[in-house]
Protein chains: 2
Amino acid sequence: MEKRVRLVDVARAAGVSQGTASNAFGKPHLVRQQVRDRIFAVAAELGYRGPHVMARMLRTGRAGALGVVFPDNLEYAFTDPVAIELLRGVGRECARQAVNMMIISAENQEQAISAVNNAAVDAFLVHCYSDNNDIISALRRRNLPLVGIDTDIRDAVASVVLDDYTGAAMAARHLLECGAGYFAILSLQANEAERFGPMDDKRRGAVSHRVVRERLAGYHAMLESGGVEVDDIVHIECDNLSEQASAQVRQLLIDHPKIDGILAMSDVIAIGALDAIKKAGKSVPGDIRVIGFDGIADGERTDPPLSTITQNSVEKGRLAAELALGEGDRRSRVLPTTLTVRGSTKA
Amino acid sequence: MEKRVRLVDVARAAGVSQGTASNAFGKPHLVRQQVRDRIFAVAAELGYRGPHVMARMLRTGRAGALGVVFPDNLEYAFTDPVAIELLRGVGRECARQAVNMMIISAENQEQAISAVNNAAVDAFLVHCYSDNNDIISALRRRNLPLVGIDTDIRDAVASVVLDDYTGAAMAARHLLECGAGYFAILSLQANEAERFGPMDDKRRGAVSHRVVRERLAGYHAMLESGGVEVDDIVHIECDNLSEQASAQVRQLLIDHPKIDGILAMSDVIAIGALDAIKKAGKSVPGDIRVIGFDGIADGERTDPPLSTITQNSVEKGRLAAELALGEGDRRSRVLPTTLTVRGSTKA
DNA sequence: AAACCGAAATGAATCGATTCAATAATGTAT
DNA sequence: ATACATTATTGAATCGATTCATTTCGGTTT
């Protein structure tokens, strides 16, 4: 393995200073064409591969990359349709700003922390549900611009969240308007502890995930104003995977046959619910109305098509990236949702 | 903005050499506990943030990241279900090896080249259909381990491709066995020129994308052995998006009403075809048998469920990452496919 | 007390660029 | 021809660690 050709070698061989050689590559307009050409010719002859990326980074302090972290579940990033849309938006903004996208990957918390510590990036984006987490602390310690998605993070330069409360309230109002009277809420995981199934008062009081807290509050407020007692609502904490959710809903239908309105905190869960209801021989929306949350593409093709609260996840990701990379004012943003009515709530 | 605290500052303040201070952080077992503790205490007091990532990289020459490039279409990575599965596999292997994943992003070819040149990574993975491309040249110039996915790349340390020929042949045989006699092939894009629609001989002779070439050959060989003339097969070059493909198939059904077997080169296209056929009032598989390629999850939930040639894209990505990061023997791999029979070909 | 050994610590060299104040070269106006 | 701007070039300092050959230390063994 021969030694790498360095800029200084090229400079010497071309009979110019190292500074000029550097400019020829990085700021060509500062070097006379004649000289530039000579430098390039010599570089080609010596087999110079261009400026060393890491050396340049060290000197300039810029990494040219945006770090993206998913602390809750590392594999989640390429599994959940909403996360993928988010990444699409992040990617779009990174492309616009000519910055690469570094996805922090790890198998466990400890590894994730060292991945965060070793990532050569200019800013971090973190998608998470709660912020009491060692990975978040590691991110803070890096002292780089940090933008939280879907949760507020202390010390972050900004955050991008959804107006979850209003979205949930819209969903609940719609079900009320469609005539539902007995409700079940299919919740996303409420905190770090991986526990699924029926959600009692105690568990409902220990919700650390912002998204879940806000959506529950929105559902409850609207249902109460519609004359429904919160204690009469069945709460189930579901895994955010259609298959698992489907199994949980199957049990729900057995335990609570009167249920005629289902509020799901994600479309993935709602799709599982549709499946379970169909298998149980009940009809949607005749017997049970189902509304999801997110507005993923798959919801358009279910049978019946899924009513939902639509959010623009692509824009959420793009905006977060813009805030993280941006120099301008970095106010945190709350993004709106819209009600999308399809066949699962209205015939 | 105060000046950053450096390792040398910590070392001085703690009364040890810089080398020892470095070891305290990077190789703690080489430093006596007593001394180590003192160094950490001083570091905390001075507000030292830990070793500077870029400086460490420059010195060690390791970036701790794997670059992933999609030259054909940059947004494609987070849009196509197969690409997403691929990324999931890559992510899994990166996590296993405690390496981050750098996604090269750009809006155009020129930007992509400079993104490749500025990426601090230890190896590159490139997913593409053909290798005559300036981005590929830029990748080669970096002189890092390079693994090609779905196409062979000159100078790559290895490549991971599918046994496309056999997969296509299996698909064609299956349709023959199901009694189809008049075939249409819905092809992926055959080369860099973005042209869609009917594919004449000339265009079929100018296929630069390896995947398309192999699959066409597999389809043709099997159909011919089943007594079908290649010239009697209708070829349509489709955009790899369900909506667009659907529109193209609508026209196909008008122009060629006798078609009773459709071979689609991707499930995404096949799903579009199912849609168009349903809208045209024909039945699947009664009037027309449809088989896709890839085995994406969405194909299980179409109506009827989609028969397909299943590949393991997650493993394809994982394996490619392993080869790129690995030290061991790096033979190129050809991955197998399996026939998955569902309702779109057999009642 | 001398000799020896392994573990711990040292400190200068190195990784490979970019930057910027100072200087030189070139061009233009008087 | 002289003065004055402009544009190019120089070269040393700097970014912030890690490495490794060498020296020092502390403890055993003879």
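- Base contact: T20(A) has a heavy atom under 4.0 Å from a base atom.
- V8(B) comes within 4.0 angstrom of no nucleic acid atom, judged by non-hydrogen atoms across all strands.
- Side-chain N/O atoms of R56(B) and base N/O atoms of dT18(D) include no donor-acceptor pair closer than 3.5 Å.
- Atom C1' of nucleotide dT18(D) and atom CG of N118(A) are separated by 14 Å, given to the nearest angstrom.
- Interatomic distance, L139(B) CG to I104(B) CD1, rounded to the nearest 0.5 Å: 8.0 Å.
- With dA17(C), dA17(D), dT10(D) as the choices, the nucleotide that has an atom nearest any side-chain atom of V16(A) turns out to be dT10(D).
- In this structure, of dA9(C), dG16(D), dT10(C), it is dA9(C) that holds the atom nearest to the side chain of V35(B).
- In this entry the distance linking CD1 of I39(B) with C1' of dA9(C) reads 10 Å, nearest Å.
- Residue-to-nucleotide proximity on DNA chain D shows that, of H29(A) and G19(A), the 5′-proximal contact is made by H29(A).
- Within 6.0 Å of atom CZ in R142(B), more than 12 heavy atoms from other residues, nucleotides or ligands are found, so the atom counts as buried in its surroundings.
- The side chain of L58(B) has dC15(C) as its nearest neighbour among dT19(D), dC15(C), dT9(D).
- When heavy atoms are screened at a 4.0 angstrom cut-off, F25(A) is found touching no nucleic acid atom at all.
- With dT19(C), dA17(D), dC15(D) as the choices, the nucleotide that has an atom nearest any side-chain atom of R59(B) turns out to be dA17(D).
- Note on K27(B): a side-chain N or O is less than 4.0 Å away from OP1 or OP2 of dT19(D).
- The phosphate of dT10(C) has OP1 or OP2 within less than 4.0 Å of a side-chain N or O from S17(B).
- Taking atom CE of residue M57(A) and atom P of nucleotide dT19(C), one finds them 14 Å apart after rounding to whole Å.
- The backbone N or O of R6(A) lies less than 3.5 Å from a partner atom in the side chain of D9(A), making a donor-acceptor pair.
- Closest to the side chain of R4(B), from the set dT19(C), dT19(D), dG16(D), is dG16(D).
- A distance of 12.5 Å separates OG1 of T20(A) from NZ of K27(A), quoted to the nearest 0.5 Å.
- When the nucleotides dT18(D), dG16(C), dA17(C) are ranked by their closest atom to the side chain of Q18(B), dT18(D) comes out on top.
- Comparing G50(A) and L30(B) against DNA chain C, the residue whose closest nucleotide sits nearer the 5' end is L30(B).
- Rounded to an integer number of Å, the gap from CZ of R38(B) to C1' of dA8(C) is 12 Å.
- In E192(B), the CD atom is crowded: over 12 heavy atoms of neighbouring residues, nucleotides or ligands sit closer than 6.0 Å.
- Closest contact between the side chain of P51(B) and the listed nucleotides dT18(D), dT10(C), dA17(C) involves dT18(D).
- Checking the phosphate oxygens (OP1, OP2) of dA9(C), a side-chain nitrogen or oxygen of R32(B) falls inside 4.0 Å.
- A straight line from CE of M54(A) to C1' of dT14(D) spans 20 Å, rounded to a whole angstrom.
- Counting to the nearest Å, the P atom of dG11(C) and the CZ atom of R12(B) are 11 Å from each other.
- A straight line from CG of N23(B) to C1' of dA7(C) spans 12 Å, rounded to a whole angstrom.
- R62(B) has its CZ atom 22 Å from the P atom of dG16(D), to the nearest Å.
- Ring geometry for F25(B) versus F40(B): interplanar angle over 60°, hence perpendicular rather than tilted (30 to 60°).
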